[in-house]
Amino acid sequence: MKAPVYISAGVNDPRCPIRQIENYVKRLEARGAVHEVYRYDAGHGSLVVDERIKQVRLELDFAARHLPNP
């Protein structure tokens, strides 16, 4: 993986268990890959509006810091 990676993960996600996320993150760290992880207390996505707003803000902030300015 050469591109910066942003991961948003629900700690109770039955589709993509947090253990799988943690294993992936360990490999990214071992390679020195640029990455950020946000863990939230829900399953596969959150239906809480404030949580979704927070997630979108974090995603946009990550993109603004890692994508070239046109």
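Model, not experiment: these values are computed from the prediction.
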| request: Could I get the full list of salt bridge (charged side-chain N to carboxylate O under 4.0 Å, His left out) partners for E22, not counting sequence neighbours? | output: R39
| query | Take atom CG in L67; do more than 12 heavy atoms of anything else shown fall under 6.0 Å from it? | reply | yes
| query | Taking only residues two or more places apart in sequence, or in another chain, which ones meet E51 in a side chain to side chain donor-acceptor pair (under 3.5 Å)? | reply | Y38, Q55
| Contacts of type side chain to side chain donor-acceptor pair (under 3.5 Å), residue R27, not counting sequence neighbours | none
| task | Look up atom OH in Y24 and atom CD in E29, then write down how far apart they are to the nearest 0.5 Å. | result | 12.0 Å
| task | Check side chain to side chain donor-acceptor pair (under 3.5 Å) between H44 and all other residues, then give those that pass, not counting sequence neighbours. | result | D13, R15
Kindly list each side-chain donor-acceptor pair under 3.5 angstrom involving residues 56-64, sequence neighbours excluded, with atom names and distances?
unit_1 : atom_1 : unit_2 : atom_2 : d
D61    : OD2    : R65    : NE     : 3.0
D61    : OD2    : R65    : NH2    : 3.0

| For the hydrophobic clusters of this structure (ILVMFWY residues joined by side-chain heavy atoms under 4.5 Å, transitively), does one cluster hold both L28 and V34? | no
Counting only pairs under 3.5 Å, give me each side-chain donor-acceptor contact of residues 2-12, with atom names and distances, residues two or more places apart or in other chains.
unit_1 : atom_1 : unit_2 : atom_2 : d
N12    : ND2    : D41    : OD1    : 3.3

| message | Using the rule that Ile, Leu, Val, Met, Phe, Trp and Tyr join whenever any side-chain heavy atoms are under 4.5 Å apart, tell me whether V25 and I18 fall into a single cluster. | response | yes
